Structure formats: structure tokens, C-alpha cells
Q: 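Below: one structure in C-alpha cells.
Chain A is the first sequence line, chain B the second, and so forth, proteins listed ahead of strands; every chain is numbered from 1. This structure is a prediction, so every number in the text was calculated from the model and none was measured.
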Amino acid sequence: MTIEQKITDIVANAIQQLYATAIPTEQIQLQKTKKEFEGDITVVIFPFVKAARKSPEQTGQEIGNYLKQNEPVIQSFNVIKGFLNLSISTAYWLELLEKINTEKNFGFKAADESSPLVMIEYSSPNTNKPLHLGHIRNNLLGFSLGEIVKANGNKVVKTNIVNDRGIHICKSMLAWQKYGKGETPESSGLKGDHLVGNYYVLFDQKYKQEVSELMAKGQNEEEAKKNAPLMLEAQEMLRKWESGDKEVYQLWQTMNGWVYVGFDQTYKKLGVDFDCIYYESETYLLGKEKVQEGLEKGVLYQREDGSVWIDLTAEGLDEKLLLRSDGTSVYMTQDIGTAKMRFDKYPIDKMVYVVGNEQNYHFQVLSIVLDKLGFSWGKDLVHFSYGMVELPEGKMKSREGTVVDADDLVDDMVATARETSQELGKLEGCTEVEAENIARMVGLGALKYFILKVDPRKNMTFNPKESIDFNGNTGPFIQYTHARIKSVLRKAQEQGIVIPSKLDVNCSLNEKESGLIQLLADFPSIVNQAATEYSPALIANYIYDLVKEYNQFYHDFSILKEENKTVKELRLLLSENVAKVIKSGMGLLGIEVPERM
RNA sequence: GGUCGGGUAGCUCAGCUGGAUAGAGCAACAGCCUUCUAAGCUGUGGGUCAUGGGUUCGAAUCCCAUCCUGAUCACCA
């Protein structure tokens, strides 16, 4: 039972005793006491004044008195306006810290056999271009959500659906075939995904040329776009692919292979991974089957031209296409097939799709479609819908070359971290390998934290001209604090100090210390909230608060030079546990923390 | 036009299940290293919380309207 629950109960009793009124516990509002007032926990009195028929101040006094008499943990109180500020006893805080210290995975719940299985789909790249900043947000959010859901006692399966087929893939294949002169990653030294991406861009350029030529000859834009030879060729290529043309298929395999090697490097660099990867080329046919089933069941209907639709007007939505008139599949079809494949393999209790908010409508429809097709989890699938990453000028546009490449960005961040470390002379005495590993952690930490600290639902702005900060509310600031604590702990060990797990009950506590313990104690509920709200940002902001508070404490009080032994031990134990929570919290964001930096 | 988001300091963002004088960081300026890591700490300036109404003891937070902005409404993915 937490102190908050305890106080809530006693406040309810107090109101019952003092005013003979039963008050629902939801009406008992507790909050942390603001810094400028004395106390740790504050009870908001306003909701009770009606029952008390007294002024807020008087009511507060009466309830305060009752609490103090009936709960030894409450040491003193004061009432300011309608707020009852309670000071909690030192003994309570010390015990709380001891308890936190005993839990190695403090704040985390372990999953067992009977835990629900949550599948999280994220990343979901197209194989025609390299990953960019938008994908980075997706990948970081997906990975972090996985960690958070896991930490809340669920089994998690991370999955990825690779969009490896379709007209867009054929475009880069065609461009390579026509203009590539046999270029390979080996021959050019380019990363495979970048190489393929170049041909996708090239296709677009050549295609635009053709379109404008046709328009010059008198065709309107729509006609020209349809009739451009390159587009016709690409479509022909897709048909050949679908009919299993050997040459096309081989080209497709070769080029996708290049891309996968590139993606794997990027994923590895980002520190994200998957438990199972699906490929659209392997699932889209299954989707078609499932659509046929739906047709037979009468859930779907076929038009005269052979196209298959679902009518969602009863749900307030439109009619939605599931199969084209020529029998080829669309986006939705593939999702249905992938869903079936996953469902066959895993006992999925909850499915989470990490996909941008531009696809809100798609998932609204998908949920209903899956439900109608008989997937038990279809109805309450979660579309984790996150906002776009925008540049100061607006949306990133690959055709205009304004995309921020994922590999470049990570490399830049690591390089900046490396330079900063050198400038500050922080890594003297480290081996080159250690120094490089720290630069990697810090550079990546800066990028990851920058992205994850903002509310995922909101669009965010990234300014490539202003590099991501390393000071203030940033990943490196948090990592730095962790390194600092570790440094103190190392020194303590060198001095032969053994940090006790039991503290002297007579140990005194200053405000920073009790405040830190109180913050530490919040961690489990933050972890829980992050899962129910699907928000890594909550974790990020919490850790920042904790770290900010710790740095003030660190600045104001010395630890190893403290003369009072019990106080010194307390501060060490406190520091150790702050480091522990920093590390596990950052772990939930997929951010590593160094021992020194 | 329909549907769904978003509008908080010069900039990037917290706060949004209603509670005290709306918070951080960056940028600017001024301080703090013979003391456990200054990637830190302290201070100053900076706000009609888009606008107008409403509900309430109390509204950045809830409701309504308006304005601005984004996404979406494809036989694209």
C-alpha cells in the first residue's frame, strides 16, 4: 500500500468521522506539495467544504488534526488556503528507500505463462528507399513501446512487415535496369538501400521528363502521367513479377537483398530488433484468400467489374475496396493476410500497429474489417498513431531531396558526441574502443531522447541546421548524471565503503533527499501509465525531473566528504538507486547509459 | 465540404482524468570549478495559455462557437 492510498483512506475516514459524510475516494485529490510550501503531500480540501459547512481553512485544520492523530507517518501539517500540506516522517522515507533498494527490477512487473501476449508491429519500411527521420521516429517509438509493455508484465512479440513488392519497387528496379550499367553495392561502395533509393529518385526524374514531353505534345497532365512509357513499363514489370517471370523475379530478389543488408545495418545502429519479420510478398496472397472467404460469408460484396468491397456506411464510414477489378491486391488486402499469418502462429491477445497518423482512417477500417472477418482481436486492435516529423519548412519530401537520412543523422550525432568528448577532455584514460563506444551511446542517446521526449501523438519539428543539443533537457544530460553517480560509487568502493541496505533510523533527511525518494517511488506508476497511455514521453519527462532534482542535490551536498557516517551512507544508497532508475528508465526508451563520459 | 488531430515564452516542448503565483530546455545576459565529472548548478529578463462565450468555489485543462494549421476522405502505400 502506498502512502497515497493510505492517506486517501484516512481522509475518507476523517470526513466520515468529522462530518458524518461518506465521500467517494475519487473526490479525494492528492498532489505533490509545491516547492514553495512546506510539506510532501497535499490534500485538496475544496471538495469537502460542502460536507464540512466550514471554511476551507478550518476544514483543512480539522482534517489535518485527525490525520496527525491517527496516522503516525504524518509528522506535521499546515493549511494554506484550501490546501492541506502534510509532512511525512523521516522514518517513512528511509524505509521506502530501503524497499526500493531491495527490488532489482524496481518498477517492472515480470511476465509469466499466463500473461497476455501483445504483438507490436513497427518500422514497416518500403524496400525502394533508405530509412529517413520519419522512420527513425517510428522505430524508436515501436521499440520503446515494446520495452514498456514488457515492463508491465506482458509477453511481447515485436514484428515488422516489409513492403517488398508493388509498383514502387518496380520503379527502382526498372530504373536500375535501364540506367544502372550493372552498378552494385560492391562496385559503388554504396549501402544497398541507398543505391536502390537513388534509382527510385532517378525513375521519378526521368518519368517527370517524359510527362512534360507528352504534355508539350498536347496531352493533358492526367493522360501524360498514364501514358508515359516508363510508367507503362513499370506496370508491365509488376505484371511480370506477379506472374513469376524469372528474370524480373531474380532482379527483384537481388535488389531487395541489397536493401535488406542496408536496413539491417541501420536497425543495428539504432539498436532496434524484431522477433519475427513478415514480407508482403509472402502475405498478400493469403489476404486474397481471406477476402474470398469474406465474400462467401457475405461480409463483403463483389461489383460487376469483379472488384471486392466492404460496405461500412453502417459504421459511419465509406465503402472500401479490398481487391481490384483485375484481382490484384491493395494495401488493406496485405494487412489482412499478414494478420492471418500472425494469428495462426501466435495466440495474440492484443495487436498494436505503430503507424503514422496519416493512416488513421486506414486502421479504423482495418479494425472493422478484421473483426468482420473473424479475428477476435480485430475490434480492439490499437493503432498507435504518431505525428509526423516536420522540417521548419514543412513536410519532408523525398522527391525534393529534403529528407533527413537516417544513417547520416546517426553518424552526425555520434561524430558530434565524439568531438564534444574530446573538447571537454572527458575520456582521457579511456581506450579508443571505450571512447568510441561512449560516443556512440551519447550521440544515439541525444537523438533518441530528442525524439522520444515529445508526445508521440503530436507532430514534431526537427531543424537540421541546429544540431540536437547535448545540454539541458537532453539524453546526454541524463547520461552524464548517471556517469557522475557511477563515478562517485566507484570512488566509494575504492575507499572501501560498503553501502548498507539498512539505514540508521535516526538518520536525518534534508528536503532534497526526501524529495528524491518520493520521486523514485513514483517510477512504478509512471511505467504503468506509459503503457496505458502508450507514451514513452512520460518516461522521458519523468527521468528528466528525477535527474534535474538529483543534480541540484549533488551540487548542494557532498556525498563522500560528508562527515556524518549515516548521512553519507544514506546519500550513497540514494545515489545508487537514482542511477538504477535512470538506467532502467532509459532502458525503456532504448537508450544506453555509460559508466563514465 | 465531411471526419480526426493540433494551436502554451523568440525557438523546441512539458503541464490537459479541473486546484495554489502556468513550468523546463535552447537562445540572451549575470554569477559559481585549489572541493565527489562545469555535458553541471544559481540568478535576470521573457506569457491576452489562438479568440469569444459557458459550466464551476476554482478553467491552459471540461462544453459550445469562431479563427488558424495539419492529416485524411484513391482500383496509392
Q: If we take the P atom in both B:rG43 and B:rC62, what is their distance in whole Å?
A: 32 Å
Q: Let's see if you can work this out: which of B:rA39, B:rU42, B:rA77 has an atom nearest to the side-chain heavy atoms of A:Asn163?
A: B:rA77
Q: Can you tell me which nucleotide in B:rU37, B:rA77, B:rC75 comes closest to the side chain of A:Trp309?
A: B:rC75
Q: In whole Å, measure the gap between the P atoms of B:rG25 and B:rC67 for me.
A: 38 Å
Q: Measuring only the C1' atom in each nucleotide, how far is B:rA38 from B:rU56? A whole number of Å is fine.
A: 49 Å
Q: Could you tell me whether A:Gln359 contacts a base, only the sugar-phosphate backbone, or nothing, with contacts defined as non-hydrogen atoms closer than 4.0 Å?
A: base
Q: Send over the distance from A:Asp318 CG to B:rC75 P, rounded to a whole Å.
A: 11 Å
Q: Could you tell me the separation between the NE2 atom of A:His362 and the C1' atom of B:rA74, rounded to a whole number of Å?
A: 13 Å
Q: Would you mind reading off the distance between A:Glu242 atom CD and B:rC75 atom C1', rounded to a whole angstrom?
A: 13 Å
Q: Distance check needed: B:rA74 C1' versus A:Lys226 NZ, whole Å only.
A: 13 Å
Q: If you measure from the C1' atom in B:rU42 to the same atom in B:rG10, how many Å do you get, rounded?
A: 23 Å
Q: Return the nearest nucleotide to the side chain of A:Tyr554; candidates are B:rU72, B:rG40, B:rU37.
A: B:rU37
Q: Do A:Arg596 side-chain atoms and A:Ile438 backbone N/O form a donor-acceptor pair below 3.5 Å?
A: no
Q: Nearest-Å distance, NZ (A:Lys491) to C1' (B:rU35)?
A: 11 Å
Q: I'd like to know if A:Ser421 reaches the base of B:rA39 with its side chain, counting only an N/O donor and acceptor under 3.5 Å.
A: yes
Q: Drop me the distance from A:Ile559's CD1 to A:Tyr554's OH, to the nearest 0.5 angstrom.
A: 6.5 Å
Q: Got a donor-acceptor contact below 3.5 angstrom from the A:Thr333 side chain to the A:Leu322 backbone?
A: yes
Q: Round to a whole Å and report the spacing from CG of A:Asp335 to C1' of B:rC76.
A: 14 Å
Q: Provide the distance between the two C1' atoms, one in B:rA65 and one in B:rG58, to the nearest whole Å.
A: 24 Å
Q: Return no unless some side-chain N or O of A:Arg457 is found under 4.0 Å from OP1 or OP2 of B:rC4.
A: no
Q: Below 3.5 Å, does any donor atom in the side chain of A:Ser558 face an acceptor in the base of B:rC36, or the other way round?
A: no
Q: Could you work out which one of B:rA38, B:rA77, B:rC75 sits closest to the side chain of A:Arg484?
A: B:rA38
Q: For A:Asn360 and A:Ser385, test the side chains for any donor-to-acceptor distance below 3.5 angstrom and give the result as yes or no.
A: yes
Q: What is the distance, to the nearest angstrom, from the CD1 atom on A:Ile310 to the P atom on B:rC75?
A: 16 Å
Q: Using a 4.0 Å heavy-atom cut-off, does A:Lys50 contact any base of the nucleic acid, only the sugar-phosphate backbone, or nothing at all?
A: nothing
Q: Using the P atom on both, measure B:rU44 against B:rA24 and round to a whole Å.
A: 11 Å
Q: Would you say A:Gln334 reaches B:rA77's phosphate, i.e. side-chain N/O to OP1/OP2 under 4.0 Å?
A: no
Q: If the C1' atom of B:rC26 is compared with that of B:rC63, how far apart are they to the nearest Å?
A: 36 Å
Q: Syn or anti for B:rC33, given that syn means the glycosidic angle lies within 90° of 0?
A: syn
Q: Mind checking if A:Phe477 touches a base, just sugar-phosphate, or nothing, with heavy atoms under 4.0 Å?
A: sugar-phosphate
Q: Please give the nucleotide sitting opposite B:rU48 as a Watson-Crick or G-U wobble pair, both distances under 3.5 Å, or none.
A: none
Q: For the residue pair A:Tyr542 and A:Phe523, categorise the inter-ring angle as parallel (less than 30°), tilted (30 to 60°) or perpendicular (more than 60°).
A: parallel
Q: Side chain of A:Tyr331: nearest nucleotide among B:rC36, B:rA77, B:rA39?
A: B:rA77
Q: Looking at side-chain heavy atoms only, is the closest gap between A:Thr159 and A:Tyr278 below 4.5 Å?
A: yes
Q: Considering only heavy atoms and no angle criterion, is a donor-acceptor pair shorter than 3.5 Å present between the side chain of A:Lys561 and the base of B:rU35?
A: no
Q: Would you kindly give the CZ-to-P distance between A:Phe363 and B:rC73, to the nearest whole Å?
A: 13 Å
Q: Would you call the rings of A:Phe363 and A:His383 parallel, tilted or perpendicular, taking 30° and 60° as the class edges?
A: parallel
Q: Summarise how protein sits on nucleotides 12-25 of chain B as a single string, 5' to 3': B when a protein heavy atom is under 4.0 Å from the base, S for sugar-phosphate-only contact, - for no contact.
A: SSS-B--BBS--SS
Q: Does B:rA77 have OP1 or OP2 under 4.0 Å away from a side-chain N or O of A:Arg165?
A: no
Q: Examine distances only and state if a side-chain atom of A:Lys34 and a backbone atom of A:Thr42 form a donor-acceptor pair shorter than 3.5 Å.
A: no
Q: Using a heavy-atom cut-off of 4.0 Å across all strands, would you classify A:Tyr449 as base, sugar-phosphate, or nothing?
A: nothing
Q: Are A:Arg418 and B:rA39 close enough that a side-chain N or O sits under 4.0 Å from OP1 or OP2?
A: no
Q: For a quick check of understanding: with a heavy-atom distance under 4.0 Å over all strands, which category does A:Val49 fall into, base, sugar-phosphate or nothing?
A: nothing
Q: Report which part of the nucleic acid A:Thr328 touches: base, sugar-phosphate, or nothing (heavy-atom distance under 4.0 Å, all strands).
A: nothing
Q: Counting side-chain heavy atoms from CB outward, which of B:rU72, B:rU37, B:rC75 is closest to A:Glu358?
A: B:rU72
Q: Should the pair A:Phe203 and A:Tyr207 be assigned to parallel (<30°), tilted (30 to 60°) or perpendicular (>60°) ring geometry?
A: parallel
Q: Under a 4.5 Å cut-off applied to non-hydrogen side-chain atoms, are A:Ile7 and A:Ile28 in contact?
A: no
